[in-house]
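Start at 1 and go down the list; that is how both ligands and their atoms are numbered. Quick caveat: nothing in here was measured; it's all calculated off a predicted structure.
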Amino acid sequence: MSTGHISIDLSAVAANWRALDAKTTTETGAVVKADGYGLGAVRVATALAKVGARKFFVAVAEEGAALRKALGDEFEISVFAGHMEGDTQLIHDNALTPILNSVDQIARHMKALPKHRFGVQLDTGMNRLGLEWDDWAAVAEIVLSERPSMVMSHLACADDPDHPMNPYQLDIFHKMTDGITTPRSLSATGGMLLGADYHFDICRPGIGLYGGAPFKDSRPVVRLDLPVIQVRALDAGEVAGYGNSWQAARPSRIATVSAGYADGLLRAMSDKATLWYDDHPCPLVGRVSMDLLTVDVTDLGFDPEALTILGPKQSIDQLADRAGTIGYEILTSLGRRYSRQSVSG
Ligand SMILES: *Cc1c(COP(=O)(O)O)cnc(C)c1O
């Protein structure tokens, strides 16, 4: 087999959900947008349903429709993009709950699907999605009389617990929503770790479920093993890969590994990342190609059949650091060519 292999530890996903849920006294949902952060929305949601998650969140209506078909009727599936032109049929047929973001979306929803469940997002300073203060003041009364599923907002800097934006947004959210009886939701993973003031009625963790920062105590979820296609001996002075960017300083053994930037191993990792054979680090040398990596296995002392790039020795965040990005991007970039298998560890 020449494709890499991803193992997804669903018992770790479930344990992470439980650990986050245990930090609150309110309801914990689960964000499974972007196909469950690249790991498979259906398998993740199915595993989380078994441990008690009842509310799932996706980015767009198409994702919600696919999830509804797999999960059945009993769960709430909310769509962050709200009710877009052309979404009405999908929202109706799949009993999705659009989180309405603007007066236009509210008008579209009320006209197209009166009495169909919806939520509302408010902007508290991130300036990305949601109604601003003036618009909310104008429509709040009529919107709330339709009994929305929730009124929510989103924190811009919650991964940094000391950031002044956190209490600032919290204060605005209070001012916009205090006194209403509709359930309120403010926090994703980062906000859940900021303490009870941030929890309100429903929390919406994503990355923490998948083993990523800022949930430091999370259990790792993904392992990615890559097959070695061949290993060759280089003399000191020989080069490897495109652009001759790496030159052997000593007689070396170089393994050619089957995975590249087309599989989400970003070109920015060139000459920076490390692969592992058990506890032994093997540096990635030269440029990342579309389908191949070259890795220095000289110090291993033997030729490995496969190397590990995500696993016990290297988390999604550690690999992300090497590429100047975040764990979220590593996960959601993981390529379609890999085989994927759920394991229960
Ligand atoms: C992605 C997202 C989440 C989940 O965020 P994490 O940082 O992955 O926990 C929650 N709410 C909204 C609105 C989002 O866009």
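- Taking the charged nitrogens against the carboxylate oxygens, Asp225 and Arg223 do have a contact shorter than 4.0 Å, which makes a salt bridge.
- Atom 9 (O) of ligand 1 has its closest protein heavy atom at Thr189 OG1, 2.6 Å.
- The shortest N/O to N/O separation between Gly206 and ligand 1 falls below 3.5 Å.
- Residues Arg204 and Lys55 form no side-chain contact, since every pair of their non-hydrogen atoms from C-beta on lies 4.5 Å or further apart.
- Using the six-membered ring where Trp is involved, Tyr37 and Tyr210 have ring planes that are parallel, under 30° apart on the 30 and 60° scheme.
- If you check which protein heavy atom lies closest to atom 5 (O) of ligand 1, you get Ala188 CB, 3.2 Å.
- The closest side-chain heavy-atom distance from Ser11 to Arg219 is below 4.5 Å.
- In this structure, CZ on Arg322 lies 10.0 Å from CG on Leu284, to the nearest 0.5 angstrom.
- Listed by number with element, the atoms of ligand 1 under 4.0 angstrom from any heavy atom of Lys33 are 1 (C), 2 (C), 3 (C), 14 (C), 15 (O).
- Remark: minimum distance from atom 8 (O) of ligand 1 to any protein heavy atom is reached at Tyr37 OH, 2.5 Å.
- Here Phe57 has no heavy atoms under 4.0 Å from ligand 1, in either its backbone or its side chain.
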Problem set entry | Asp178 vs His174, side chain to side chain donor-acceptor pair (under 3.5 Å): CA-CA, chis, key distance, verdict | CA-CA 5 Å; Asp178 276 356; His174 272 296; 2.8 Å; yes
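- Taking the six-membered ring for Trp, Phe302 and His280 have ring centres at least 6.0 Å apart.
- Heavy atoms of Arg128 found under 4.0 angstrom from ligand 1 belong exclusively to the side chain.
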Problem set entry | Stepwise side chain to side chain donor-acceptor pair (under 3.5 Å) check, Thr88 with His83 | CA-CA 7 Å; Thr88 303; His83 191 147; 2.8 Å; yes
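- Met152 counts as a contact of ligand 1, since one of its heavy atoms falls under 4.0 Å from the ligand.
- When the side chains of ILVMFWY residues are joined at heavy-atom separations under 4.5 Å, either directly or via intervening members, Leu122 and Met150 end up in two distinct hydrophobic clusters.
- Under a 4.0 Å heavy-atom criterion, Tyr328 is in contact with ligand 1.
- The protein heavy atom nearest to atom 11 (N) of ligand 1 is Arg204 NE, 3.0 Å.
- Heavy atoms of Pro205 come nearer than 4.0 angstrom to ligand 1 in at least one pair.
- Checking only distances, Phe80 never comes within under 3.5 Å of ligand 1, N or O to N or O.
- With a heavy-atom cut-off of 4.0 Å, Val31 touches ligand 1 through its side chain alone.
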